[in-house]
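Whatever order the structure lists ligands and atoms in, that order sets their numbers, starting from 1.
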Amino acid sequence: MSDKITAVKLSRMKGSNRIVAVTAYDYPTAKIADEAGVDAILVGDSLGMVVLGLDTTLPVSLEDMVRHTAAVARAKPRALIVADMPFGSYESSLSQAVSSAIALAKAGGEAVKLEGGSEYSDRVRAIVDAGIPVMGHLGLTPQRVHRLGGYKPQARRAAEARSLLLDAEALAEAGVFSIVLEFVSEEAADLVTRRTPVPTICIGSGRRCDGQILVFHDVVGLTSRPPPFAKRYADAWSLMRGAIEAYAREVREGAFPSEEHVVRSKERIQL
Ligand code: KIV
């Protein structure tokens, strides 16, 4: 596909087009996101919470991410497929990081994302050297929720904003093609966006970024407690619940199946 979005193309969008990204975790959500024309699909480890019903992203395994990345890849989207590296798949060593990234690339990830700053520059460099583009993730990094003390906004103080910028610069230097900024102050996101050569893709970090990303289920209204920064554009929960209620009603009333849903025998059947 000639207009396929690659990591290189996405990176070059900085300063020209606003980047639109959304998460997707399976074949239908990837198809829907791609038909809607997004630039990037993140197979986020948020799937642990929104799809698997977990309380945090911490228990999500590399196997989970491989399975869901493969399902998204089968949708063959025009959008770039970015696969999240789950907690425990890159922290221990460079070789662990590279082999986890390779597993996600074999499943169909066209890039990987990992959470963390300058302390993971060596992981970023090694994965990029192995031929796999890397997206960074700074600010609120949910895999570090216990160290951060909760899902709180980040970089609201000048010193924190400066440290965020140093991390962004270190990641850019190590070779990331873009950086997700999650739940940081608009001013800090603006600083990083202006001072870093790669695009910033923001979630809950204000308006002055190179792009935005949201969780698919928050956008369509399939989560009961979306974060304060998410915007719901539809009420898919009510729509889907209404459909199942109508089906249940028709089964109980004997209205479904009706004539068009049955197959007739070709001859009279008798015992
Ligand atoms: O897992 C995820 O959905 C993410 C986004 C919040 C950026 O990392």
Side-chain angles (χ1 to χ4, degrees), residues 7 10 19-26 29-30 32-33 38-62 64-69 71-72 79-90 100-101 104 107 109 111-117 120 124 133-145 148 150-155 164 167-168 171 176-184 189 192-193 198-206 209-220 222-223 225-232:
L10 197 99
I19 297 166
V20 182
V22 72
T23 67
Y25 313 107
D26 55 18
T29 54
I32 292 167
V38 303
D39 303 306
I41 292 173
L42 171 69
V43 190
D45 62 355
S46 51
L47 69 86
M49 283 137 109
V50 298
V51 176
L52 304 179
L54 298 167
D55 290 332
T56 70
T57 58
L58 301 188
V60 175
S61 67
L62 185 61
D64 291 330
M65 295 310 303
V66 163
R67 188 178 313 109
H68 286 272
T69 300
V72 165
L80 176 71
I81 304 172
V82 183
D84 239 346
M85 301 193 65
F87 182 57
S89 72
Y90 57 92
S100 300
L104 292 167
V112 296
K113 173 168 83 57
L114 60 82
E115 296 183 10
Y120 290 114
V124 171
V134 181
M135 179 182 268
H137 184 157
L138 296 171
L140 172 57
T141 44
Q143 293 175 12
R144 313 285 179 274
V145 61
L148 295 174
Y151 298 100
K152 298 177 186 160
Q154 305 291 310
L164 184 76
D167 277 330
L171 289 180
V176 297
F177 69 94
S178 59
I179 301 173
V180 165
L181 294 178
E182 179 165 355
F183 214 10
V184 305
V192 173
T193 303
V198 296
T200 55
I201 303 180
C202 289
I203 175 160
S205 303
C209 307
D210 297 303
Q212 297 288 331
I213 182 163
L214 281 178
V215 165
F216 186 100
H217 292 55
D218 292 338
V219 174
V220 303
L222 276 178
T223 37
R225 284 190 299 124
F229 50 75
K231 182 167 175 184
R232 175 187 276 206

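- Across all non-hydrogen atoms, the minimal contact from Phe177 to Pro199 is O-CD, 3.2 Å.
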When you pair each N or O of ligand 1 with protein N or O atoms, which pairs come out under 3.5 Å?
from: ligand 1; atom 1: 1 (O); to: Asp45; atom 2: N; distance (Å): 3.2
from: ligand 1; atom 1: 1 (O); to: Asp45; atom 2: OD1; distance (Å): 3.0
from: ligand 1; atom 1: 1 (O); to: Ser46; atom 2: N; distance (Å): 3.0
from: ligand 1; atom 1: 1 (O); to: Ser46; atom 2: OG; distance (Å): 3.3
from: ligand 1; atom 1: 1 (O); to: Asp84; atom 2: OD2; distance (Å): 3.1
from: ligand 1; atom 1: 3 (O); to: Ser46; atom 2: OG; distance (Å): 2.5
from: ligand 1; atom 1: 8 (O); to: Lys113; atom 2: NZ; distance (Å): 2.9

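- Using a 4.5 Å heavy-atom cutoff, the side chains of Val215 and Met49 are not in contact.
- Across every non-hydrogen atom of Phe183 and Ser205, the tightest pair is N-OG, 3.1 Å.
- Listed for the Thr141 side chain is no donor-acceptor partner under 3.5 Å among the backbone atoms of Gly116.
- Each of Val50, Leu214, Asp218 was checked for a side-chain contact (heavy atoms from CB on, under 4.5 Å) with Pro226, and the lone residue meeting it is Asp218.
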What pairs of donor and acceptor atoms, side-chain ones from residues 41-48 against any protein atom, are under 3.5 angstrom apart with sequence neighbours left out?
from: Asp45; atom 1: OD2; to: Gln143; atom 2: NE2; distance (Å): 2.7
from: Ser46; atom 1: OG; to: Tyr25; atom 2: OH; distance (Å): 2.7

